[in-house]
2 protein chains.
Amino acid sequence: MSKLDMDQNELTIGRLAEFANVNVETVRYYQRIGLVDEPEKPEQGFRKYPNSTVKQIKFIKRAQQLGFNLQEITDLLELGDSHCHDVRIRAELKRDKISKQIKDLQDMQTALTNLIDTCHTGKTEPKCPLVESLFA
Amino acid sequence: MSKLDMDQNELTIGRLAEFANVNVETVRYYQRIGLVDEPEKPEQGFRKYPNSTVKQIKFIKRAQQLGFNLQEITDLLELGDSHCHDVRIRAELKRDKISKQIKDLQDMQTALTNLIDTCHTGKTEPKCPLVESLFA
DNA sequence: ATAAACTCCGTACCCAGGTACAGAGTCAAG
DNA sequence: CTTGACTCTGTACCTGGGTACGGAGTTTAT
């Protein structure tokens with residue numbers, strides 16, 4: 001095993017960030033809030049990060065895309081491998097929350113569409129019926 | 001017209017906030033960002049707000065519920081009565097944005113549901129398949 | 001051996017949309 | 001005429017998810 005191979009498993013923060021497609025400052029931020037472990041600082045030189053941290057950050061980013069916030073992701077990671085049932089419960093809760101968000105947005109959409117229709121009817125009104133109906 | 005009637009049309013900030021169902025600090029905040037006009041401070045006593053400000057704040061709150069942010073609401077109010085066509089365009093743009101948000105959330109929902117199904121298949125796995133598949 | 005590039009550390013700042021609070025002035029009721 | 005409730009003003013703080021920066025120290029390439 002060459003020194004180069006070792007290096008790929010012992011990343012500096014810059015390379016870690018590069019592989020994980022995040023900013024270096026983001027990694028430090030995740031460490032600050034306890035979402036990612038910070039390796040001990042060696043006597044000599046810079047901190048070394050294992051390859052697994054790349055995966056962990058990618059996990060975080062995927063979970064964010066699913067609508068989990070960082071606190072929820074922290075909780076998920078703390079649950080870890082052991083409490084599969086709890087993880088599923090959380091995923092289901094999140095799915096339900098998303099359903100509600102969708103419903104709210106659909107209501108907004110409907111209301112907006114109604115307003116826009118109002119606006120279409122009165123062509124050259126002195127006052128915009130859309131604004132008027134929001135005021136009413 | 002009694003003095004009491006006058007008072008109802010000349011509100012203090014506290015009564016304004018009460019009628020508009022917002023916090024006094026929120027009114028001040030809206031004034032700070034130029035969303036609501038701040039009346040001149042009289043030589044003697046406190047500022048007086050016209051009843052129309054109540055309507056204006058309620059408009060803001062309704063528009064927020066439709067997904068407009070305060071900057072967009074500022075723009076809408078500046079357009080005022082005159083440019084009905086522009087108002088309609090903005091409403092349509094907002095509606096389109098909401099459509100996209102709904103689509104994104106539906107994608108999240110699908111992804112979460114798939115993960116939850118994965119979780120159901122492996123009953124008593126040593127590692128949670130849901131977490132594993134997020135890591136993969 | 002030196003310069004560029006990187007890391008470390010602490011702290012400050014960004015966004016939106018407010019909320020909180022201190023200290024002073026003012027108003028209204030009893 | 002005093003007491004309690006309200007207003008005014010300025011400034012600081014909050015949440016979430018980062019980003020920026022300054023002045024070290026360290027490493028790597030030439």
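Per chain, numbering begins at 1; letters A, B, ... match sequence-line order.
Checking B:Q64 against B:K61 by side-chain atom types alone, a donor-acceptor pair falls below 3.5 Å.
Here B:F59 contributes atom CZ and B:L35 contributes atom CG; the two are 9.5 Å apart, rounded to the nearest 0.5 Å. Put simply, CD1 on A:I98 and CG on B:L112 are 5.0 Å apart, with the number rounded to the nearest 0.5 Å.
When side chains are defined from C-beta on, B:F68 does not count as touching B:D75, because their heavy atoms never get closer than 4.5 Å. Between A:I57 and A:T53 the shortest side-chain heavy-atom distance falls below 4.5 Å.
Rounded to whole Å, the distance from OH on B:Y49 to C1' on D:dC8 is 10 Å. Atom CD of B:E40 is separated from atom P of D:dT9 by 11 Å (rounded to the nearest Å). Atom pair A:L35:CG and D:dG17:C1' shows a separation of 11 Å (rounding to whole Å applied). When the P atom of D:dG17 is taken as reference, atom CD of A:Q71 falls 9 Å away, rounded to whole Å. Between the CG atom of B:L11 and the C1' atom of D:dC6 there is a distance of 14 Å, given to the nearest Å. Rounded to a whole Å, the CZ atom of B:R28 is 11 Å from the P atom of D:dG10. Computed from coordinates, the B:I13 CD1 to D:dC6 P distance equals 13 Å when rounded to whole Å. In this entry the distance linking CD1 of A:I60 with C1' of D:dG17 reads 12 Å, nearest Å.
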Full working for side chain to side chain contact (heavy atoms under 4.5 Å, CB included) between A:Y49 and A:I13: CA-CA 7 Å; A:Y49 293 81; A:I13 195 168; 3.7 Å; yes
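When DNA chain C is scanned 5' to 3' for any atom under 4.0 Å from a heavy atom of chain A, the first and last hits are C:dC6 to C:dC9.
Taking the screw axis at each terminus of the helix from C:dA1-D:dT30 to C:dG30-D:dC1 from five consecutive base pairs, the angle between the two is 10° to within rounding of 10 degrees.
The side chain of A:N69 approaches D:dG17 more closely than any other nucleotide in the set D:dT19, D:dG18, D:dG17.
Put simply, the residue from B:R28, B:R32, B:R47 that forms a salt bridge (Lys or Arg N to Asp or Glu O under 4.0 Å) with B:E38 is B:R47.
Counting all heavy atoms, side chain and backbone alike, A:A17 lies closest to A:N23 at CB-C, 4.0 Å. Across every non-hydrogen atom of B:Q65 and A:M108, the tightest pair is O-CG, 3.2 Å.
For A:N114, the CG atom counts as densely surrounded, since its 6.0 Å shell holds more than 12 non-hydrogen atoms of other residues, nucleotides or ligands.
Both A:R32 and A:R47 sit near DNA chain C, but only A:R47 has its closest nucleotide nearer the 5' end.
At a threshold of 4.0 Å, the pair B:D86-B:R90 does not count as salt-bridged, since none of the basic side-chain nitrogens sits closer than that to a carboxylate oxygen. Using a 4.0 Å cut-off between charged nitrogen and carboxylate oxygen, A:D96 and A:K100 do not count as a salt-bridge pair.
Here B:T12 reaches the OP1 or OP2 of D:dT7: one of its side-chain N or O atoms lies under 4.0 Å away. Residue B:K41 has no polar side-chain atom (N or O) positioned under 4.0 Å from OP1 or OP2 of D:dT7. When the side-chain nitrogen and oxygen atoms of A:Y30 are compared with OP1 and OP2 of D:dG18, one or more of them lie within a distance under 4.0 Å.
Among the atoms of the strands shown, none is found under 4.0 Å from any heavy atom of B:E18.
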Identify the pairs formed between an N or O of the protein and an N or O of nucleotides 26-30 of chain D at a distance under 3.5 Å, and give each distance.
| residue | atom | partner | partner atom | Å |
| --- | --- | --- | --- | --- |
| D:dT27 | OP1 | A:G45 | N | 2.8 |

